[in-house]
Amino acid sequence: MTALQTVRRAQRIVATAAVVRALALGVTASLVVLALGSFASLAFPALSRPSAGASAAAVFVGLLVAAMLLWRARHFVSPSRVALWLEERAPGLQYSLVTSLEHGSSPFAPAMEASVARENVGRATVIAVRRPIASVLAAVLAALLLLYISPSGVFGRGATFSPFGLHGGRGTGAPGSHLEHIEARITPPSYTGEAVTTIHDPSSISALDGSAIYVRGKGPAANITASLDRPLRIVEANGGWAIAVQMPTKPAALKLTDGGYERIIVLAPRADNAPTISLASPAHDTALRTPRLVVQLSAAANDDIGLSEGHFEYLITTGSGEIFKARTINTPAVRFNGSRRAALNATLDLAALSLGEGDVVSMRAVASDGNTLTGPGVATSDTRTVRIVRASEYDSLAVEAAAPPPLDSSATSQRMLVAMAEQLVREQPKLARPELVKRSTNIGELEDRIRRRVREILTDGEETPVQEQPDSLGATVEEMESPDQISGTQNPDLKSAYNSLWEAVRSLRIAEPSAALPPMRAALKALDRARLANRLYLRGTPPKIIVDLNRVRLTGTEKGNSSARTPRSFPDSARARLRGRFEALLQAIEKDPAHVVSDLAMLRVEALNTLPDFAAALGDASDAIRNRRDATVPLLRARRALDGPPVVTPTLTPWAGGGDE
Amino acid sequence: MKSAFVFCTGQYESGDWDSAPSLPANLIDSMARYTSVSVAPSGVSVPLSSETLLEYPLVYLTGHLPFRFSEAERKNVRKLVDRGGMLFIDDHNHDIGGVFHNTAFEEIARTFSPLKDLPNDHEIYRTFFKFTDGPPATSHELNGWGDNLVHKNLQAVMHGDRIAVLYSSKDYSSEWNYSPDAKRFSTVDNTRFGVNIIVYALTR
Amino acid sequence: MLWQTLRAETGSPARLISKRGLDASALSEWSKMPGASAAIQLRLDGAPSGLERAWLRALAAAGSTISWSGDLAPLMLDVRPRAAPAGGTTVLVGAPRGSSVAVGDEIGAVDTLTTKGTGASIALRAGPSRIYARSRGTTASTSPADSVLLRKVMVIGSAGWESKFVVAALEEEGWKVAAFIRVAPGVDVTQGSLAAIDTARYSAVVALDSAASLYAARIAEFVRTGGGLLLAPGAALLDGRS
């Protein structure tokens, strides 16, 4: 074998060893990631469930490590580098191998080749790669061991590292019975359009109310019994046994027995929820002086299964007090054909409704879903109201959210005044002083009108006349009542608006519109808040009658009677009952795991509606026990779901003996 | 919460919430005449959407017009009732199946659960005064307008065995909406059932 | 890593054994040696288990002098049942400031906490049969005592939001409540029997306002015999002298 051939052979061995090392360490890295995630699930129970994300992360880390190691080993592509590597490991070569490769045509080449042939380069190569291979294989084994002793529900044996937990899981399967390897086929109600699903070996079945469930297993039906609150009929089918049930409306336990074996499948119904619908437009209620407005209505509907149809409903009331009439108008229904989301739009021309003063139009959206089994579920949105004000109720504070108000000075709104002041500020650099003063004063007068109206409301209608001189500065600032002189405090928003309006009028009257803008905007916000809270206050404050309690106290001629009160029932006694049963199960878990699985299933049925997280954790625990895995983590999760997290106080109080801190 | 009982009228946005402005003073007067319960001398009006609503154990609602909760009002009244407060809703119309009644029934069903007839031997009819025949009839019903509109039962939403929402179609708002000074002209005080409602709200 | 040095002094009947750490084999060996060792000095990294402590006590009783040194984490654990109808347990842990203590029961870990002062407390809704605490190699365990015996609570007050919600809050926590609520002179709303206020019937009395004045003397006697009393400001001026 020539020197080159020797090097090539060594190159193959080294390359193989490098690949094996890279792959082995890549696998080790993946296993370590899985094991670390499993240990972390002791602190974060959510990690205990196997997930595609965790597996993908482990694979990615493994591939990354392998790629890095392969990249580091790339030098072995070069024969001269391999030769140097061999020289280091076989000192007896005394660089004859490298010399032969580099100077193959020299007269000394044959002597070099002979020197190479004398050395057992192959053995040196194998010895050199053996130790690293052995160490990586040891690393793989260590990683496997780490994963095995981790709490991993998929790979691990369980609680060896847990200082308090159960040691090992004891499975409860029923080997030899015909209750193993059963299959459940679930057919949802036809209106849902959902596909049929099949579950193998279920411990629980979650499906819509009314779904058809077909459970089958292997073996003769002779010894099989099934019950779901009442006995069920077992039939022979396809060489095995089968039962057909409909998903009940409440959680229930399907009990299967085969001689001495028992298996429970929890049936967890999911209700078809009613749809939701929200009215996006109009966004607010509106009060109008004249019934001339085209209202754009839009609504958004959602459903968990599928929407059927939707429409808008208008309820029009005419009249007042005890004498009024009401009529309802529905828009034509829009079909949604089973979509889960839909939009609904309509236009309402108030002029077409022949409304008069005092009339009220209430608008809302209505949607229904396609539930033909227990429904349909119907949803209605919030109501928006359009009211046509009476002449006696004209209110200059009305902020009409649905459309811009008409430019009528008597109904000029604060919003319009802000817009006018903003425009004046923009144009100010180009205006002559007299023009600025005139325009600023005009806005100030209008603002003052609003200020006086707010004052009337705050002081319950006691007016203090203010001299009006529209062509001059009008009432001086000193003649305006300052905010401190206003004693009415029933509405803090109106008080705040008054303060801001007072500031704004002051600034406008001295032709400083830019200084007036911030308080004008603040007044607008305060009036908006007051409007929403007290819109109906503005129609007329109810009279405040104060009863003279001292005069009438205990002057009634009739006497009352003593009575007995009955204690209230505890709202959370269901949780206390579940807790008691759960604690009893925990005591029994070590002694009789077979029966615990059944009891866990029954407890889960009871908890499904009231404590779904607790029920889910019980399901995981019973799966773990059935499959002979450790159930510590799901049981801890169940306890936390039942009791909530423990309340930790990181100090001891003096009453508990903690003394002074 | 204030230590004295304060009669609270709820303001809602959809209708004429203030249609019985004298009723609060009348019932406050009755509470003072017959009981030693500490009461405030005047009532308050509180928006249903305001958190202040939660300071009052009993909230009175009435009106003639359609009755609808906004989302903020719905959320707040649910909170009030969940925390042990009570709603008393009275239809201020003398009718059957009118627009206030229909819309109120719908809103209450949507917000809490459907209203059910309250048996006429319920304890609310004996918490202070005894009403052996159930809810006392109002003068509209007794006058016999010939319209046969007599509501035999009140309705309620129960939380356990406690009335959370009490609904009346009997128009007590018209019956009790007068100044308390006018009581001296009556031989029988027709507000006594209001005392039962308030005592129930404060002791059950 | 544990290491072992054994130094025997010749010519002397007493021996000095110095060891770092402790294990069953060492204890067994010392127990089999002819004659008692004069002194056993232990340098410990963690608190010995109950068995090991008992064994050392036996060696001491046989004549050896046992001494130990080491940086052991001090740890105290106490468990008390909560005096509430819903039951539950309060776990008290004593450890130096900043200690990390893992608390668990027979199922598994309950919580891990870091003490801010001389310890910490944990309120559990369940009533475990055994509680463990571990900190820096030291483990403590204990079992809760028998549960507390609870009786009814009596509430006395005038009709109003305060009496209504006090009774409701107590009942929602699971307390059995007897109530006396004054509505008018001679007109009361009662719940349960108010025949006698004594510690055989009631754990505590809650007096909210002057309506309790009727029972002031009986309440005073109740407190003198060990009953609990909660006085709201409206009832603080009641005269309990009989």
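So that the names make sense, note that chain A is the first sequence line, chain B the second, and so on, each numbered from 1. Bear in mind that the values here come from a model prediction, so they are computed numbers and not experimental data.
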Between [X] and chain B, with a heavy-atom cut-off of 4.5 Å, which part of the residue counts as in contact: side chain, backbone, both or neither?
{"X": "A/L315", "answer": "side chain"}
{"X": "A/T557", "answer": "backbone"}
{"X": "A/A564", "answer": "backbone"}
{"X": "A/S381", "answer": "backbone"}

Is [X] in contact with chain A via its backbone, its side chain, both, or neither, using a 4.5 Å heavy-atom distance?
{"X": "B/V46", "result": "neither"}
{"X": "B/T103", "result": "side chain"}
{"X": "B/D29", "result": "both"}

Does a side-chain heavy-atom distance below 4.5 Å link [X] with [Y]?
{"X": "A/N561", "Y": "B/K130", "value": "yes"}
{"X": "B/E13", "Y": "A/T385", "value": "no"}
{"X": "A/D382", "Y": "B/R74", "value": "yes"}
{"X": "B/P41", "Y": "A/D548", "value": "no"}
{"X": "B/R33", "Y": "A/L554", "value": "no"}
{"X": "B/V39", "Y": "A/V547", "value": "no"}
{"X": "B/S42", "Y": "A/I545", "value": "no"}

Worksheet entry | A/T555 OG1 to B/Y34 OH distance, which is reported to the nearest 0.5 Å | 8.0 Å
Item to complete: Please lay out, stage by stage, how A/R364 and B/E71 fare under the test salt bridge (charged side-chain N to carboxylate O under 4.0 Å, His left out).
Response: CA-CA 13 Å; A/R364 65 178 187 173; B/E71 269 315 303; over 6 Å; no
Discussion item. Please enumerate all residues that pass side chain to side chain donor-acceptor pair (under 3.5 Å) together with B/S38, with sequence neighbours excluded.
Written reply: none
Practice prompt. Please name all residues satisfying side chain to side chain donor-acceptor pair (under 3.5 Å) with B/T62, sequence neighbours left out, ordered by chain then number.
Written response: B/S173
I'd like to know which of [options] tops the heavy-atom pair count under 4.5 Å against chain A.
{"options": "B/M31, B/R126, B/E106", "value": "B/E106"}
{"options": "B/G98, B/S50, B/S36", "value": "B/S36"}
{"options": "B/I28, B/T35, B/D161", "value": "B/T35"}

Worksheet item: Of the non-hydrogen atoms in A/E558 and B/F129, which two are nearest, and what is the gap between them?
Response: CB-CE2, 3.9 Å
Worksheet entry | Minimal non-hydrogen separation, A/L549 against B/A40, with atom names | CD1-C, 4.3 Å
Fill in: From CA spacing to verdict: side chain to side chain contact (heavy atoms under 4.5 Å, CB included), B/R110, A/T380
CA-CA 9 Å; B/R110 190 175 165 199; A/T380 55; 3.1 Å; yes
Discussion item. Please tell me whether B/R68 and A/S362 have a donor and an acceptor in their side chains that are separated by less than 3.5 angstrom.
Written reply: no
Fill in: Crowding at CG, B/D133 (>12 non-hydrogen neighbours, <6.0 Å)
no
Item to complete: Count the heavy atoms belonging to other residues, nucleotides or ligands that lie under 6.0 Å from CZ of A/R327, then report whether that count exceeds 12.
Response: yes
Worksheet item: For chain A, which residues of residues 196-204 of chain B have at least one non-hydrogen atom nearer than 4.5 Å to it?
Response: B/T203, B/R204
Fill in: Residues that B/F7 engages under ring pair (Phe, Tyr, Trp, His ring centres under 6.0 Å), provided they are two or more places apart
B/Y60
Worksheet item: Would you call A/R551 and B/D181 a salt bridge, using N to O less than 4.0 angstrom?
Response: yes
Worksheet item: Among A/R565, A/K559, A/R384, which has the most heavy-atom pairs under 4.5 Å with chain B?
Response: A/R565
